[in-house]
Amino acid sequence: MSSHDQTWEDLREQAQHLGIENTMALTIEQLRRAIDERHRGADPNQARALAIGQRA
């Protein structure tokens, strides 16, 4: 399964596993961005903030 085949629920579970909180309101694209930022070394709060366009 490629990352583009993941459902919103799959991405949400992955984000939560990485420590990213408050994922219910995030879109699929925002979840992908948050997960990507987390893998780049951002802390969970910073990853979520960057994904939704806020300053971290």
**Item:** Distance (rounded to the nearest 0.5 Å) between Glu13 CD and Gln6 CD
**Value:** 10.5 Å
**Request:** Taking all heavy atoms of Ala47 and all of Ala34, pick out the closest pair and write down the distance.
**Result:** CB-O, 3.4 Å
**Asked** Does some side-chain heavy atom of Arg48 sit less than 4.5 Å from a side-chain heavy atom of Leu26?
**Response** yes
**Prompt:** Residues in salt bridge (Lys or Arg N to Asp or Glu O under 4.0 Å) with Glu21, at least two apart?
**Reply:** none
**Beyond-backbone contact of Thr27 with Arg32, side-chain heavy atoms, under 4.5 angstrom** = no
**Item:** Qualifying salt bridge (Lys or Arg N to Asp or Glu O under 4.0 Å) pairs, either residue in residues 34-45, two or more places apart
**Value:** Glu37-Arg40
**Item:** Within 6.0 Å of NE2 in His17, more than 12 heavy atoms from elsewhere
**Value:** no
**Request:** Please report the shortest heavy-atom distance between Gln30 and Ala51, naming the atom on each side.
**Result:** O-CB, 3.2 Å
**Prompt:** Of the non-hydrogen atoms in Gly19 and Pro44, which two are nearest, and what is the gap between them?
**Reply:** O-CB, 3.1 Å
**Message:** Tell me the closest heavy-atom pair linking Ile35 and Ile20, and the distance in Å.
**Reply:** N-CD1, 4.2 Å
**Asked** Hey, what do you get for OG1 (Thr23) to CG (Leu31), rounding to the nearest 0.5 Å?
**Response** 6.0 Å
